[in-house]
4 protein chains.
Amino acid sequence: MPRTEEQNKTIRVERKQQIMGAAMRLFSEKNPAEVSIATIAKEAGVSKGLMYSYFKSKDELELSIMNSTIDEIMEIFLVSNKVIEGPDDFTNRINRLFDHVINNVATWKIYTQLILQSKMKEFLMSPKIQDVMGWYQEQLFNYLQKQGFEDPAKEIIIVGALIDGISIQYVSAPEFIDINIVRNHILDVYAKKY
Amino acid sequence: MPRTEEQNKTIRVERKQQIMGAAMRLFSEKNPAEVSIATIAKEAGVSKGLMYSYFKSKDELELSIMNSTIDEIMEIFLVSNKVIEGPDDFTNRINRLFDHVINNVATWKIYTQLILQSKMKEFLMSPKIQDVMGWYQEQLFNYLQKQGFEDPAKEIIIVGALIDGISIQYVSAPEFIDINIVRNHILDVYAKKY
Amino acid sequence: MPRTEEQNKTIRVERKQQIMGAAMRLFSEKNPAEVSIATIAKEAGVSKGLMYSYFKSKDELELSIMNSTIDEIMEIFLVSNKVIEGPDDFTNRINRLFDHVINNVATWKIYTQLILQSKMKEFLMSPKIQDVMGWYQEQLFNYLQKQGFEDPAKEIIIVGALIDGISIQYVSAPEFIDINIVRNHILDVYAKKY
Amino acid sequence: MPRTEEQNKTIRVERKQQIMGAAMRLFSEKNPAEVSIATIAKEAGVSKGLMYSYFKSKDELELSIMNSTIDEIMEIFLVSNKVIEGPDDFTNRINRLFDHVINNVATWKIYTQLILQSKMKEFLMSPKIQDVMGWYQEQLFNYLQKQGFEDPAKEIIIVGALIDGISIQYVSAPEFIDINIVRNHILDVYAKKY
DNA sequence: CATGAATGAGCATTCATTCAT
DNA sequence: CATGAATGAATGCTCATTCAT
């Protein structure tokens with residue numbers, strides 16, 4: 001008795017995640033160029049041939065992973081598009097972000113590798129990303145202004161550098177880096193309630 | 001008559017730099033794994049075969065570039081091993097560092113890519129690197145203590161994160177990032193003269 | 001639907017023999033070092049890439065052929081491990097051997113090439129080979145003693161030299177060498193019935 | 001002061017022998033195809049370039065060695081073209097031959113490798129070689145006839161097989177083979193004085 | 001005569017992709 | 001939907017050969 005269409009759809013979604021999960025695990029340890037389709041297939045527990053039923057090419061698989069990684073990280077910042085309501089909300093968001101870095105080293109390793117690739121530039125400059133980023137910076141600007149910072153634009157850059165810097169250090173060597181020192185510093189400086 | 005040994009040495013030194021320069025240019029744009037020896041040879045204007053007269057393997061070439069990149073960056077920090085004498089000296093060092101980032105984007109792009117590679121971990125943990133890093137942190141610690149900071153160790157981490165963060169942003173998209181905002185921030189906070 | 005495991009096994013066994021057959025044909029004419037994988041693939045009627053699905057490397061292919069050649073030749077001598085029962089049995093064995101040389105020039109060409117390779121020495125000195133050889137010499141010794149030869153050990157060396165010598169001559173130029181003269185000589189001298 | 005033409009000629013002859021000697025040493029251990037010109041040059045203590053002033057190509061070098069090896073071995077048999085005068089002369093020739101095998105394993109290793117190569121066939125079938133061989137077989141025939149052998153042609157084949165067989169065994173593993181057993185056997189059978 | 005830097009064709013090997021089953 | 005045998009283009013690397021010095 002053949003599977004229903006519904007069942008097939010479920011299988012397809014599961015299989016796709018299975019494959020992407022395997023690929024992410026491998027890509028976080030090695031460069032995509034150094035990970036073969038055969039290796040990914042084995043890690044995912046499927047045949048090489050089946051891979052091509054889910055992704056037209058290795059490039060498309062890489063792109064899918066890039067997209068879902070970016071999406072995952074964007075989601076952290078967005079919190080469903082709501083405005084930053086005050087120091088507590090800001091604190092929550094920062095905590096969410098740092099916790100995510102700590103709990104998803106693989107994702108962030110991929111993310112940091114990605115932003116260094118020249119083919120990512122166009123991607124990061126795409127309207128979608130720019131929109132999210134622009135909106136987020138606006139939120140931060142308003143929040144920091146409300147908090148009494150003279151040059152909120154400058155502070156945004158500083159916070160961004162701090163987060164990027166400590167994240168890259170952390171994913172490079174999680175066992176040697178105390179990421180919370182920077183987290184607390186950011187909260188101390190930018191989430192003080194007056 | 002055959003070339004003198006002197007002449008051959010000169011040729012070999014020049015050629016080697018020619019090849020390493022070409023490789024650095026390409027490695028800064030793409031992952032080494034995605035850059036073929038043939039491409040490097042063409043960029044360097046030499047034949048594929050000659051590459052192997054200067055580097056036993058592609059791996060050795062990559063390693064050479066890793067080493068020279070690390071050496072170059074270490075040199076920025078060391079300033080002939082002298083202690084940090086005061087705010088002016090600190091300012092000079094920070095300027096030297098930021099100027100180097102601005103003028104050597106390729107080198108720093110490679111550097112940031114390198115620290116994400118797992119095979120680099122052992123390298124960065126090697127005594128040589130750890131020595132330099134340890135010595136440098138000691139210098140910074142003493143300087144920041146003299147400057148009146150309560151928790152110099154914390155400040156070192158923050159400055160490190162700031163520098164790493166803004167550098168990675170800058171080398172990713174130099175035309176969009178105003179690296180000097182962070183430079184001035186660091187100087188404002190840590191090089192104030194009392 | 002995918003092929004059954006059984007079907008795949010059959011395919012792999014056939015293909016492997018196809019490749020080894022082609023390689024033996026070529027190796028019997030030229031030194032393995034002078035025969036490229038591309039040539040073997042063409043002779044076998046498969047793609048270069050497929051070769052590596054059956055043999056991890058060219059070296060492994062050469063080794064496989066060495067092994068199967070040695071095995072084939074050992075088998076000639078063993079005759080199911082039975083003792084040499086008398087002149088008739090001895091005659092049969094000698095005939096079997098000479099017939100095999102005549103009908104398998106390629107195999108013997110490879111065999112003679114092999115015993116000259118220094119890397120074969122350790123192989124020929126391996127316990128497995130030494131066991132078979134030792135057992136066989138013992139059998140011969142007993143037989144020749146029973147036949148009334150004063151110094152059977154000496155005769156074994158002479159017979160061995162005769163066989164090796166005429167074989168190498170025969171496989172070098174089958175059309176010019178009358179191998180049966182030596183066959184008859186051996187039978188005349190060592191299989192006379194009293 | 002430039003070298004005289006005489007001196008140059010001497011140098012050239014010496015250099016050539018130096019190179020051929022080095023090549024023979026290496027060829028006796030490894031297949032020519034596995035020995036690079038660079039290796040031969042280093043072993044001979046000359047530059048790669050110089051090799052080409054003495055031999056137009058690697059092939060020509062191999063051919064030169066083939067020729068000189070064959071010449072050297074032919075010389076053993078010929079003894080200045082004199083007829084075989086009797087058992088003592090025959091004994092001397094056999095001894096000369098066996099001693100040469102024992103003292104020139106490298107040469108004989110090359111020789112045995114050579115006769116298995118298909119490109120050697122035409123060489124061995126060349127008039128020059130055939131002449132020498134023919135003449136030598138005639139000598140042997142006459143000698144053996146005089147010694148009272150019924151079928152000298154058959155004996156020639158047997159002696160040839162014995163010598164080839166024991167030689168190939170000896171050069172394969174000199175430390176395990178007692179070549180003199182065959183030498184004595186040949187002398188016993190074919191150099192008995194009546 | 002002598003050197004070794006330089007070349008490029010050729011080789012072993014890998015791997016994304018296809019396709020018969 | 002699922003498999004893995006098969007392909008062939010591309011890659012790292014070697015090596016005979018050339019040639020400026």
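What you are looking at is a predicted structure, and each value in this text was computed from that prediction instead of being measured.
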Rounded interatomic separation in angstrom, taking CE from D:M51 and C1' from E:dG4:
14 Å
Taking for each residue the nucleotide of DNA chain E with the nearest heavy atom, is it A:A33 or C:A33 whose nucleotide lies nearer the 5' end?
C:A33
Within residues 5-23 of chain B, those residues having any heavy atom closer than 4.0 Å to DNA chain E are B:N8, B:I11, B:R12, B:R15
Through what angle, rounded to 10 degrees, does the axis of the helix from E:dA2-F:dT21 to E:dT21-F:dA2 turn between its ends, using five pairs per end?
10°
What's the CD-C1' distance between B:E62 and F:dT11, to the nearest Å?
13 Å
What is the distance from CD of D:E60 to P of F:dA16, rounded to the nearest Å?
15 Å
Looking at every strand, decide which applies to B:Y54 at a 4.0 Å heavy-atom threshold: base, sugar-phosphate, or nothing.
sugar-phosphate
Looking at every non-hydrogen atom in both residues, tell me the closest pair between A:K56 and A:E60 and how far apart they are.
CB-OE1, 3.2 Å
Under the 6.0 Å and 45° cation-pi test, does D:K16 pair with D:F55?
yes
C:S53 side chain near C:L50 side chain, heavy-atom distance below 4.5 Å:
yes
Given the rule in the side-chain contact (heavy atoms from CB on, under 4.5 Å) test, do B:K58 and B:M51 qualify, once you have shown the distances and angles that lead to the verdict?
CA-CA 9 Å; B:K58 195 188 177 189; B:M51 304 283 300; over 6 Å; no
Scan A:S36 against the nucleic acid and name what it touches under 4.0 Å (heavy atoms): base, sugar-phosphate only, or nothing.
sugar-phosphate
Could you tell me if the side chain of C:I65 sits less than 4.5 Å from the side chain of C:T69, heavy atoms only?
yes
Taking atom CD of D:Q17 as the centre, report whether more than 12 heavy atoms of other residues, nucleotides or ligands fall under 6.0 Å from it.
no
Would you say that C:E72 contacts C:N104 through its side chain, given a criterion of any heavy-atom pair below 4.5 Å between the two side chains?
yes
Atom CZ of B:R25 and atom CD1 of B:I110: how far apart are they, to the nearest 0.5 Å?
10.5 Å
Could you check how far CZ of D:F55 sits from P of F:dC15, rounded to whole Å?
20 Å
Would you tabulate the nitrogen or oxygen pairs shorter than 3.5 Å linking the protein to nucleotides 17-20 of chain E?
from   : atom 1 : to    : atom 2 : distance (Å)
E:dT17 : OP2    : A:Y52 : OH     : 3.0
E:dT17 : OP2    : A:K58 : N      : 2.7
E:dT17 : O4     : A:K48 : NZ     : 3.3

Do A:V35 and A:E43 have side-chain heavy atoms sitting under 4.5 Å apart?
no
Calculate the interatomic distance between D:E34 atom CD and E:dG10 atom P; express it in whole Å.
20 Å
With a 4.5 Å heavy-atom cut-off, do B:L61 and B:Y54 have their side chains touching?
no
Hey, could you give me the CD/CE distance between B:E62 and B:M66, rounded to the nearest 0.5 Å?
8.5 Å
